[in-house]
Chemist: 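Structure below; questions to follow.
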Amino acid sequence: MAEEREELVTERFAAESLVQAGADDLERAAEAALRPRRLDEFVGQRVVRDQLSLVLDAARGRGKAPDHVLLSGPPGLGKTTLAMIIAAEMGAPLRVTSGPAIQHAGDLAAVLSSLEEGEVLFIDEIHRLARPAEELLYMAMEDFRVDVIVGKGAGASAIPLTLPPFTVVGATTRAGLLPAPLRDRFGFTAHLDFYSADDLERVLVRSAGLLGVPLDHTAAAELAARSRGTPRIANRLLRRVRDWAEVRGDGTLSLVAARAALEVYEVDDLGLDRLDRAVLTALCTRFGGGPVGLTTLAVAVGEEPETVETVAEPFLVREGLIGRTPRGRVALPAAWAHLGLQVPAASGTLFG
Ligand SMILES: Nc1ncnc2c1ncn2[C@@H]1O[C@H](COP(=O)(O)OP(=O)(O)OP(=O)(O)O)[C@@H](O)[C@H]1O
């Protein structure tokens with residue numbers, strides 16, 4: 001009986017994860033369709049764009065592969081997009097992999113030894129590379145050489161293999177976790193910051209044009225203000241408003257349609273979603289405003305600590321809702337106000 005139930009549960013999970021995988025694929029496809037292909041289509045991040053354009057122009061002028069590029073910043077700000085743009089601008093092929101996908105140094109050696117001259121190797125979540133792979137990578141980045149190990153144990157020998165010049169584009173949400181020797185191998189490092197409301201409005205107008213949907217100026221402003229400074233979220237909200245307008249409205253993406261859809265999807269005035277609010281609520285109501293450790297906070301909201309730290313926290317910190325202290329996370333007065341709660345009398349002593 002118990003076994004039968006377990007099987008049913010497993011089947012249900014399998015079915016749910018299939019549906020989820022399908023949904024993720026659809027989201028990814030929808031995202032890909034809106035990705036800028038060239039640097040001059042990439043909205044905002046003016047300083048990064050200018051600097052990168054110089055790096056690429058100089059490399060083109062010399063007829064060489066550009067320096068290795070490290071892109072850091074919260075999810076959804078355009079790191080993958082920029083990696084693709086670098087390859088497109090250089091007219092070079094792009095190879096995509098990620099830190100977690102490379103379990104062993106041998107996996108990385110296989111990728112490196114098959115690179116073409118000038119190829120761009122995009123390594124997403126580069127901070128999650130295993131240590132031996134990391135060491136192999138910085139030798140390859142510096143000397144364009146890898147040692148391929150042949151054989152095992154005492155009889156193993158290293159055969160040096162020269163690689164054609166290539167460019168690594170590393171992306172990370174946690175630049176602080178990269179060891180210095182790896183970080184130092186990148187000739188150009190850029191940090192992507194949250195977008196202004198004006199830039200997000202431009203992202204939305206561009207995306208609406210590509211989707212062929214009529215977007216009111218007022219609706220664009222409302223969506224921009226509630227997109228947590230993030231183009232991925234802006235585009236996602238745009239697609240949800242389009243759903244609402246087509247199913248419940250007259251097809252126009254008006255302010256009324258935007259507000260109604262945002263209410264359905266529980267996006268509040270600041271653009272906070274369910275996870276953000278769960279973090280704030282746990283911090284204020286369960287832990288009395290903190291300080292509370294990241295792991296405890298993550299358990300309280302049923303998420304991985306890394307998700308809370310990289311997805312929810314950066315924006316909450318930027319908005320002055322929470323603070324990070326050596327003793328843990330604390331709620332700031334704006335958090336209580338946002339939840340419509342009274343700041344407890346003792347909270348003045350929480351921060352610090
Ligand atoms: N500057 C921009 N201009 C226009 N659209 C953008 C810009 N940056 C990102 N986008 C849009 O946002 C989406 C998410 O961007 P992207 O996948 O590059 O983010 P990311 O930083 O790599 O995120 P992650 O860290 O989660 O991989 C893209 O599909 C693209 O359509």
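Atoms within a ligand are numbered from 1 in the order they appear, just like the ligands themselves. One is the number of the first residue; the rest follow in order along the sequence.
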Chemist: In the protein, what heavy atom is nearest to atom 19 (O) of ligand 1, and what distance, to one decimal place, separates them?
Modeler: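 In this structure, atom 19 (O) of ligand 1 has G78 N, 3.2 Å as its nearest protein heavy atom.
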Chemist: Atom 1 (N) of ligand 1: which protein heavy atom is closest, and how many Å away?
Modeler: V43 O, 2.8 Å
Chemist: By number and element, which atoms of ligand 1 are closer than 4.0 Å to a non-hydrogen atom of D124?
Modeler: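 Once the distances to D124 are compared, the set is 27 (O).
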Chemist: Report the C-alpha distance between D50 and R46 in whole Å, list the side-chain angles of each, state the deciding distance to 0.1 Å, and finish with yes or no for salt bridge (charged side-chain N to carboxylate O under 4.0 Å, His left out).
Modeler: CA-CA 6 Å; D50 282 355; R46 195 183 50 78; 3.5 Å; yes
Chemist: May I ask you to decide if the ring planes of F166 and H68 are parallel, tilted or perpendicular, using 30° and 60° as cut-offs?
Modeler: tilted
Chemist: Are R35 and ligand 1 in contact, using a heavy-atom cut-off of under 4.0 Å?
Modeler: yes
Chemist: I need the E313 CD to L275 CG distance, nearest 0.5 Å.
Modeler: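 Going from the CD atom of E313 to the CG atom of L275 covers 10.0 Å.
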Chemist: Does T173 reach ligand 1 with a nitrogen or oxygen that is under 3.5 Å from one of the ligand's nitrogen or oxygen atoms?
Modeler: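 No, since none of the N or O atoms of T173 sits under 3.5 Å from an N or O of ligand 1.
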Chemist: Among all protein non-hydrogen atoms, which one is nearest to atom 4 (C) of ligand 1, and what is the separation to 0.1 Å?
Modeler: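 Ranked first by proximity to atom 4 (C) of ligand 1 is P36 CG, 3.4 Å.
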Chemist: Among all the protein's non-hydrogen atoms, which is closest to atom 15 (O) of ligand 1, and how far away is it?
Modeler: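 For atom 15 (O) of ligand 1, the nearest protein heavy atom is T81 OG1, 3.6 Å.
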Chemist: Could you tell me the residue and atom name of the protein heavy atom closest to atom 25 (O) of ligand 1, and the distance to it rounded to 0.1 Å?
Modeler: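 Ranked first by proximity to atom 25 (O) of ligand 1 is K79 NZ, 2.9 Å.
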Chemist: What protein heavy atom lies closest to atom 23 (O) of ligand 1? Include the residue and the distance to one decimal.
Modeler: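 The protein heavy atom lying closest is G76 N, 2.8 Å.
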Chemist: D198 and S196: side-chain donor and acceptor closer than 3.5 Å?
Modeler: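 The criterion, which ignores hydrogens and geometry beyond distance, is not satisfied for S196 and D198.
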Chemist: Among the clusters formed by ILVMFWY side chains lying less than 4.5 Å apart, do V267 and L215 turn up in the same one?
Modeler: yes
Chemist: Do NZ/NE/NH1/NH2 and the carboxylate oxygens of E309 and R329 come within less than 4.0 Å?
Modeler: yes
Chemist: In the single-linkage hydrophobic clustering (I, L, V, M, F, W, Y; side-chain heavy atoms under 4.5 Å), do V48 and V203 co-cluster?
Modeler: no
Chemist: For the hydrophobic clusters of this structure (ILVMFWY residues joined by side-chain heavy atoms under 4.5 Å, transitively), does one cluster hold both L262 and V264?
Modeler: yes
Chemist: Around atom 6 (C) of ligand 1, find the nearest protein heavy atom and jot down its residue, atom name and distance.
Modeler: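 Answer for atom 6 (C) of ligand 1: P231 CB, 3.7 Å.
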Chemist: Measuring from atom CG of D268 to atom NE2 of H338, what distance do you get when rounded to the nearest 0.5 angstrom?
Modeler: 3.5 Å
Chemist: For E41, is there an ion pair with R37 - N to carboxylate O distance below 4.0 angstrom?
Modeler: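 Judged by the 4.0 Å cut-off on N to carboxylate O distance, R37 and E41 do not form a salt bridge.
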Chemist: For atom 12 (O) of ligand 1, what is the nearest protein heavy atom, given as residue, atom name and distance?
Modeler: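 Nearest protein contact, heavy atoms only, for atom 12 (O) of ligand 1 is R232 N, 3.5 Å.
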Chemist: How does L82 reach ligand 1, if at all, at less than 4.0 Å between non-hydrogen atoms: by side chain, backbone, both, or neither?
Modeler: neither
Chemist: Is there at least one pair of N or O atoms, one from T80 and one from ligand 1, spaced under 3.5 Å apart?
Modeler: yes
Chemist: With atoms numbered from 1 as shown, which atoms in ligand 1 lie under 4.0 angstrom from a non-hydrogen atom of N235?
Modeler: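 Ligand 1 atoms under the 4.0 Å threshold to N235: 11 (C), 31 (O).
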Chemist: Against heavy atoms of L34, which atoms of ligand 1 measure under 4.0 Å?
Modeler: 31 (O)
Chemist: What part of L77 sits under 4.0 Å from ligand 1 if we count only heavy atoms: the side chain, the backbone, both or neither?
Modeler: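 Near ligand 1, L77 shows its backbone, while the atoms from C-beta on stay back.
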